[in-house]
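These notes are about the structure you will find just below.
Letters A, B, ... mirror the listed sequences (proteins, then strands); counts begin at 1.
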There are 2 protein chains.
Amino acid sequence: MSVYTPAQVADETGFSIDTLRYYERIGLLEPVSRTASGRRRFSEDDVAWLGWLRCLRDTGMPIADMLRFAELARGDDSTIPERVALLEAHERRVEEHIADLRAKRSRIRDKIAYYRSLGPA
Amino acid sequence: MSVYTPAQVADETGFSIDTLRYYERIGLLEPVSRTASGRRRFSEDDVAWLGWLRCLRDTGMPIADMLRFAELARGDDSTIPERVALLEAHERRVEEHIADLRAKRSRIRDKIAYYRSLGPA
DNA sequence: ATGTCACCTGGAGCGCACTCCAGGTCAAGC
DNA sequence: GCTTGACCTGGAGTGCGCTCCAGGTGACAT
């Protein structure tokens with residue numbers, strides 16, 4: 001059962017140490033366990049949860065929503081329907097975002113092709 | 001050759017009137033023509049350019065880069081290679097972003113499926 | 001004439017998500 | 001035993017991209 005220092009977790013999750021502290025402070029992370037001298041020791045579970053947070057954040061979920069999800073995830077099974085609802089709504093937004101990006105990427109490609117058609121330098 | 005009021009342009013482009021003024025102020029838009037009393041009258045070209053800016057914005061291009069592109073686009077044909085380079089770099093980032101979103105959307109779906117597997121409420 | 005309303009300017013303010021800082025504590029290597 | 005350096009806390013600061021405000025002007029309907 002391994003534990004990790006802040007630097008190791010930052011390295012693995014891509015969150016800065018400051019962000020890890022910030023996430024703990026606002027309650028996205030449950031209080032991380034400490035050594036006798038007060039230094040953080042992240043558990044395997046902490047790291048897994050951070051991986052999940054990264055997924056939500058990178059798909060554009062606002063901190064406020066992640067906070068709500070974290071709260072639900074700390075609750076019992078009766079919160080599962082709301083967790084599902086929250087994730088489904090998020091997933092729909094992500095899908096729309098992907099569709100929009102694809103359409104706009106194509107427009108960018110067209111512009112590049114147009115510039116190219118003006119005669120390669 | 002039609003012209004548009006700020007409200008019409010806001011409506012068509014999805015940018016707020018404040019954002020239109022802001023874009024003009026920072027030079028993303030060339031000075032928009034005015035009526036005798038100083039009100040903006042956007043041309044068809046202004047609206048088309050704003051549509052293009054929206055494409056860049058919505059695909060995550062920072063304002064600073066859009067500004068650079070705007071500058072190049074005001075230049076002569078010798079700037080075309082740099083415009084192409086800028087757009088190609090951007091397009092690559094957009095593609096990576098799409099790939100990342102797709103992978104993470106799938107992770108979100110898995111989580112939803114997992115919650116569902118725990119027994120539908 | 002009057003009221004309403006869209007619009008103008010310059011500049012201040014805001015929300016988000018961090019990021020940095022000062023001042024301090026411990027652990028380990030030389 | 002001393003230095004180095006990773007880490008601690010509370011709180012202030014930052015960057016981005018808008019967004020809002022005060023105070024004012026002009027156009028148009030009644």
- Criterion salt bridge (charged side-chain N to carboxylate O under 4.0 Å, His left out) against B:Glu88, the qualifying member of A:Arg109, A:Lys111, A:Arg116, A:Arg105: A:Arg116
- Message: In this structure, how many angstroms lie between the P atom of D:dC20 and the CZ atom of B:Arg25, rounded?
- Response: 14 Å
- Task: Answer with base, sugar-phosphate or nothing: what part of the nucleic acid does B:Arg41 contact at a heavy-atom distance below 4.0 Å?
- Result: nothing
- Note on the structure: B:Tyr22 has its side chain closest, among C:dC20, D:dC18, C:dC26, to D:dC18
- Indicate whether any N or O donor in one side chain lies under 3.5 Å from an N or O acceptor in the other, for B:Arg83 and B:Thr79. yes
- Is it true that A:Arg21 and A:Glu24 have a side-chain N and a carboxylate O under 4.0 angstrom from each other? no
- Of D:dC18, D:dG17, C:dT9, the nucleotide closest to the side chain of B:Pro62 is D:dG17
- Taken to the nearest whole Å, CD/B:Glu24 to C1'/C:dG10 is 14 Å
- With heavy atoms under 4.0 Å as the rule, sort B:Tyr23 into base, sugar-phosphate or nothing. sugar-phosphate
- Message: Centre-to-centre under 6.0 Å for B:His97 and A:His97, is that the case here?
- Response: yes
- Message: What verdict does the side-chain hydrogen bond (donor to acceptor under 3.5 Å, both in side chains) test give for A:Ser16 and A:Asp18, after you've listed the backbone C-alpha separation in whole Å, the side-chain angles of each residue and the deciding distance to 0.1 Å?
- Response: CA-CA 5 Å; A:Ser16 73; A:Asp18 269 321; 5.3 Å; no
- Report which part of the nucleic acid A:Arg57 touches: base, sugar-phosphate, or nothing (heavy-atom distance under 4.0 Å, all strands). sugar-phosphate
- For A:Met61 and C:dC18, what is the distance between atoms CE and C1' respectively, to the nearest whole Å? 18 Å
- Query: Hey, is the side chain of B:Arg39 pairing donor to acceptor with the base of D:dA27 inside 3.5 Å?
  - Reply: no
- For A:Ala7, which contact category applies under a 4.0 Å heavy-atom criterion: base, sugar-phosphate, or nothing? sugar-phosphate
- Message: By nearest heavy atom, map B:Ala36 and B:Met66 onto DNA chain D; which one lands nearer the 5' end?
- Response: B:Met66
- Query: Side-chain donor or acceptor of B:Arg34 under 3.5 Å from a matching atom on the base of C:dC8?
  - Reply: no
- Query: Hey, which of these two, A:Thr35 or B:Arg40, hits DNA chain C nearer its 5' end, going by closest nucleotide?
  - Reply: B:Arg40
- Note on the structure: Nearest-nucleotide check on DNA chain D, A:Thr5 vs B:Ser16; residue mapping nearer the 5' end is A:Thr5
